[in-house]
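Here's the structure, in structure tokens; my notes come after.
A, B, ... follow the sequence lines: proteins, then strands. Residue 1 opens every chain.
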Amino acid sequence: MAKEKIRVLYLDDEQENLSAFKAGFRREFDVQVANNSKEAFDLIQSVRPHVIFSDQRMPEMTGVEFFNAVRQIYPEGIRILLTAFADVKDIVAAINRGNVYRFVSKPWNEDELRNTVLNAYEIFNTRHQLQLKVAELEKANEDLNRFIYSASHDLRAPLMSILGVVKLARYEEIDEPSRQYFGMIESSVNKLDLFIQNIIEYYQNSRDLSEVREIDFEQLVDDILENLRFHSANPKLRFHTEIEAPGTFKADEFRLRIILSNLISNAIRFQRPEHPSPEVRIKVSCNDKRAEILIEDNGIGILQEHMQNIFKMFFKAHPQHSGSGIGLYIVKEALNKVEGDISVSSTPNVGTLFSISIPNRA
Amino acid sequence: MSMTPYRKIMLIDDNPIDLFLNRNLLKREGMDGHFMEHSSGASALEYLVDYAQESDRLPDLILLDIQMPVMDGFAFLEGLRDLRPRLACVPELFILSSTTNQDDIRALRADPLVRRILKKPLEVDLLKKSLGIDQF
């Protein structure tokens, strides 16, 4: 693709200047000249020049006034004053206001003027590329938003149908091997569903949006527990919730939900299957400055050697357990966004305690 | 065993598997009344409009899938809102959903027509608990 010729427009009331300019530069640039402002405005509309030169002292209006008007209708064009007079104050003011890029003194030096045009074109181009990139990114972001919205349904709905059918199958008189097969189908579907939810959470969290709302911890925890009720292998699992939330607590509800549901989900999943009384304890206490939340389980615990890896993406201390390996990573990312902290302590085969602290935005 | 008032149930879902599932689950939990099944909000609304004054043809309970392509659950709710003053009896309405979209959930919770949002797959125990009955 041939490089485009740089389009230059020059406005001056003196015809000899226009002729000299055109003669000097018409070979390397696409030069348009105008004798009065109407001609200049017409050419701006039809040609869309990259660089616009104007004389300062003209009968109709000054170059500065001309450029003030051009900026309103065609801000992309780079505007340069050509002037013989040192009307410095007006010109400098115009430059500072952004209405004029720079000025060049008359009579001009051909080489210098050529360089000025090349530099100005460079700027035009850079800005233009940036605009294109921003538009691309905005579109990609919009597409991502739409994907997230429909993924939440289109990917999960068929999985929920499968779980429903498996449930129905269990009512029938089926033999033991079939019962086992259904159990495996169910566990694979749950795994896939968890992964999908995690991916959605990850992308939603990575956007810059923030929804600070008043938090009702009782309802939030209830909601989360209700959503997770299927995920326990052990029907003896008990939940203990203790919430002390006097006063108002405000935070990014969406991210808080992600943090709590991932931590609670882990506490549920990493139980000891033979344990007679598995439990998950959730304790919330908040004041006007912070909320401290403890999530404790008496499950399999975390080995010391894994402690520094647990927040890494796709790290699984127990690969045979269901789980995407991305949950704690998302928790960490979400905590960063709300400027919260997390600490964990654990003893293998005894239990684990996650403790998080979130500032109150009220 | 208590006699429940819920003997006519309308299921609205574009997925025939889910319709089958929900009907079966409810039957297993003692529902031996009458099922009305619609695969779009539009046809469900049409039925309600046609029988608005006939309380013996109207459902006492509606289970509505919130995400359907042709007329989605929200549009059905709008239609039901307009129809409500003309209905001989207003059914209990439960939303069945697999969405995690909090904006949608918040909007549904605030809607006076909606009794409760239930996650898919349907847990009939939760449904019974919300209705305050032991058995259909």
State whether Glu186(A) and Arg170(A) are salt-bridged, where the test is any N-O pair (Lys NZ or Arg NE/NH1/NH2 against Asp/Glu carboxylate O) under 4.0 Å.
->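 Yes, this pair counts.
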
Before accepting this row, confirm whether a basic side-chain N of the pair Lys332(A)/Asp341(A) lies closer than 4.0 Å to the acidic partner's carboxylate O.
->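 No, Lys332(A) and Asp341(A) are not salt-bridged.
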
Consider only side-chain N and O atoms of Ser39(B) and Asp14(B), and report whether a donor and an acceptor are under 3.5 Å apart.
->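 Result is no, nothing qualifies.
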
Look up atom CE in Met160(A) and atom NZ in Lys119(B), then write down how far apart they are to the nearest 0.5 Å.
->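 One finds 9.5 Å between CE of Met160(A) and NZ of Lys119(B).
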
Salt bridge (Lys or Arg N to Asp or Glu O under 4.0 Å) with Glu54(B): which residues, sequence neighbours excluded?
->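 Partners of Glu54(B) under the salt bridge (Lys or Arg N to Asp or Glu O under 4.0 Å) test: none.
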
Which atom pairs, donor and acceptor, lie under 3.5 Å between side-chain atoms of residues 215-222 of chain A and protein residues at least two apart or in another chain?
unit_1, atom_1, unit_2, atom_2, d
Asp216(A), OD1, Glu218(A), N, 3.2
Asp216(A), OD1, Gln219(A), N, 3.2

Part of residues 253-260 of chain A lying next to chain B, heavy-atom separation under 4.5 Å |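 Glu253(A), Arg257(A) fall under the 4.5 Å cut-off.
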
Give the member of Ile105(B), Ile17(B), Asp104(B) that has the highest number of heavy-atom pairs under 4.5 Å with chain A.
->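 Result: the option with the highest number of such pairs is Asp104(B).
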
Considering only distance and modelled atom types, tabulate donor-acceptor pairs under 3.5 Å from the side chains of residues 55-62 of chain B, sequence neighbours left out.
unit_1, atom_1, unit_2, atom_2, d
Arg57(B), NH2, Tyr51(B), OH, 3.2
Asp60(B), OD1, Arg7(B), N, 2.8
Asp60(B), OD1, Lys8(B), N, 2.7

Side chain from CB out, backbone as N, CA, C, O: work out which of these in Glu201(A) comes under 4.5 Å of a heavy atom of chain B, or both, or neither.
->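 Interface part for Glu201(A): neither.
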
